[in-house]
Amino acid sequence: MPAAIERLRKREHRKDEVYSELSNRLAELIEDVRELRVSDDERTETLTLEVTGRDGVRHPASSLSDGSLRFLVLAALAIDAEAERLICLEEPENGIHPERIPAMVRLLRDIATDPRFAVGPDNPFRQVIVNTHSPAVIGCLDSDELVYLDQQQVTQPGGVGRVALVRVPDGGWRAKSSAPSAVMPLTPGQLSPYRCTPDGQILMPLQTGQT
C-alpha cells in the first residue's frame, strides 16, 4: 500500500493532497486519526505507511485492524482515476464497528461511477458489487441499490435442480430496463429478516431511492 500511495502522489502531482484526502477519509472510520503519510527509509530502502493520532504519536499502519486497512485500501482506490472496471467486495461490514458502517457504504458509493455525470478522470468508469447479510449495511442502502439473489427449483427431462433467481425492487431502474423473464419483484417480506430483530422490531428503515 505505501508504494501505491506514493505512486498516486507522483502521478497526480498532488503531493500532500493525497495524504490529506486519505487521512480525512480514514478519520470517518477512526476519529483519532490526525495525519497519514509514507515514511521512506533510505538506509533499508523501505516505505512504511504511518498514521498519527491526535496525541501526536505515530504508528505504522500495520497496527490498524483488518477492517481499517481494508477501508484504507478502498479509500486509495476512490482517488485513483486509473482504477476502473469492476470491484467486488464480500461482506464490507467485517472488521467495522456498527456505528461506522455508514462510512463504509458512503465510501463504496464514492468509488462507483456516478451515473448523473459523464465518465472522465473525476468520474472513472467503475462498478462496485458487494454481498452482505448485514441488516446494518442493507439499512444504509437505497432500495434501487439492492439485488436479492434467490433460488428456484426447475424440472427438466432427466432431473430436478435449482437455479439462481434475481429479484429487484419493483419500479426501480433495474426492473424497468430488464426483460420480464430476467428478474422478479423483491417483496417487503423477503427483506424483513434483514431489517428486524427476531421479535419483529425494525432496526432501521430502508431508504427509498429515486425510481
Side-chain angles (χ1 to χ4, degrees), residues 1-114 119-141 145 203-204:
M1 192 187 310
I5 292 175
E6 286 303 278
R7 175 180 59 84
L8 279 174
R9 294 180 66 237
K10 294 176 182 178
R11 191 188 67 212
E12 303 293 341
H13 303 292
R14 298 167 67 187
K15 298 183 178 180
D16 290 344
E17 289 182 20
V18 170
Y19 288 154
S20 297
E21 289 185 31
L22 291 177
S23 60
N24 289 339
R25 180 67 86 168
L26 186 59
E28 296 180 22
L29 192 72
I30 307 173
E31 292 181 353
D32 187 54
V33 171
R34 189 183 71 181
E35 185 181 38
L36 179 148
R37 64 179 52 250
V38 173
S39 173
D40 185 358
D41 189 331
E42 296 181 356
R43 182 178 60 84
T44 60
E45 297 182 346
T46 57
L47 298 174
T48 303
L49 183 60
E50 297 177 333
V51 177
T52 303
R54 291 179 179 175
D55 57 4
V57 178
R58 187 175 299 175
H59 305 275
S62 58
S63 64
L64 298 175
S65 68
D66 290 345
S68 298
L69 289 173
R70 187 185 310 113
F71 187 92
L72 189 53
V73 169
L74 292 170
L77 281 173
I79 63 175
D80 186 353
E82 293 185 2
E84 298 182 341
R85 301 183 182 177
L86 177 63
I87 298 171
C88 299
L89 183 63
E90 182 174 6
E91 298 179 344
E93 69 276 7
N94 282 350
I96 303 295
H97 191 282
E99 290 184 352
R100 304 302 179 187
I101 286 177
M104 172 63 85
V105 174
R106 287 194 300 270
L107 174 56
L108 293 172
R109 279 200 186 102
D110 289 344
I111 292 174
T113 301
D114 190 333
V119 172
D122 295 330
N123 190 33
F125 185 63
R126 293 189 292 227
Q127 182 181 15
V128 177
I129 297 177
V130 303
N131 76 318
T132 182
H133 298 94
S134 168
V137 172
I138 293 175
C140 293
L141 298 176
E145 294 174 316
L203 291 172
M204 56 186 72

L64, I5, L69, L22 screened by side chain to side chain contact (heavy atoms under 4.5 Å, CB included) with L49, the one that passes
I5
Can you tell me if R126 uses its side chain to pair, donor with acceptor, with the backbone of I87 under 3.5 Å?
no
Given side-chain contact (heavy atoms from CB on, under 4.5 Å), test D41 with T48 step by step and report yes or no.
CA-CA 8 Å; D41 189 331; T48 303; over 6 Å; no
So, the side chain of T132 versus the backbone of E91: is there a donor-acceptor pair under 3.5 Å, distance only?
no
Given R54 and E31, is the side-chain contact (heavy atoms from CB on, under 4.5 Å) satisfied, shown in steps?
CA-CA 9 Å; R54 291 179 179 175; E31 292 181 353; 4.1 Å; yes
To the nearest 0.5 Å, what is the distance between CZ (R85) and CD (Q127)?
13.5 Å
Residue pair L47 / A3: nearest heavy atoms and the distance that separates them:
CD1-CA, 4.0 Å
All heavy atoms of G67 vs all of L29, minimum pair found to be O-CD2, 4.4 Å
Just how far is it from atom CD1 of I79 to atom CD of E17, taken to the nearest 0.5 Å?
10.0 Å
Taking every heavy atom of I111 against every heavy atom of A78, the minimum-distance pair comes out as CG1-CB, 3.7 Å
What are the two closest non-hydrogen atoms of R25 and A75, and how far apart are they?
CG-CB, 3.7 Å
Quick one: closest heavy-atom pair of S134 and I101, and the distance?
OG-CD1, 4.4 Å
So L74 and M104, side-chain contact (heavy atoms from CB on, under 4.5 Å) or not? Walk me through it.
CA-CA 9 Å; L74 292 170; M104 172 63 85; 3.8 Å; yes
When you look at V128 and L89, which way does the side-chain contact (heavy atoms from CB on, under 4.5 Å) test go after all the steps?
CA-CA 8 Å; V128 177; L89 183 63; 5.7 Å; no
Distance, nearest 0.5 Å, that separates CG of D66 from CZ of F71:
15.0 Å
Output the distance between atom OG (S63) and atom CZ (R58), rounded to the nearest 0.5 Å.
13.0 Å
Does Y19 reach the main-chain N or O of V38 with its side chain, forming a donor-acceptor pair under 3.5 Å?
yes
Going from CG on L8 to CG on L77, what distance comes out if it is rounded to the nearest 0.5 angstrom?
9.0 Å
Please check this pair: side chain of N123 against backbone of D114, looking for a donor-acceptor N/O pair closer than 3.5 Å.
yes
Any side-chain heavy-atom pair from P124 and E84 closer than 4.5 angstrom?
yes
Nearest non-hydrogen partners of A81 and P121, listed with the distance:
CB-O, 3.5 Å
Do L107 and E28 come within less than 4.5 Å of each other through their side chains, counting heavy atoms only?
no
Give, for atom CG of D40 and atom OG1 of T46, the distance between the pair rounded to the nearest 0.5 Å.
7.5 Å
Are I30 and V51 packed together at the side-chain level, in the sense that at least one heavy-atom pair is separated by less than 4.5 angstrom?
no
Where the side chain of D80 meets the backbone of A76, is there a donor-acceptor pair that is under 3.5 Å apart?
no
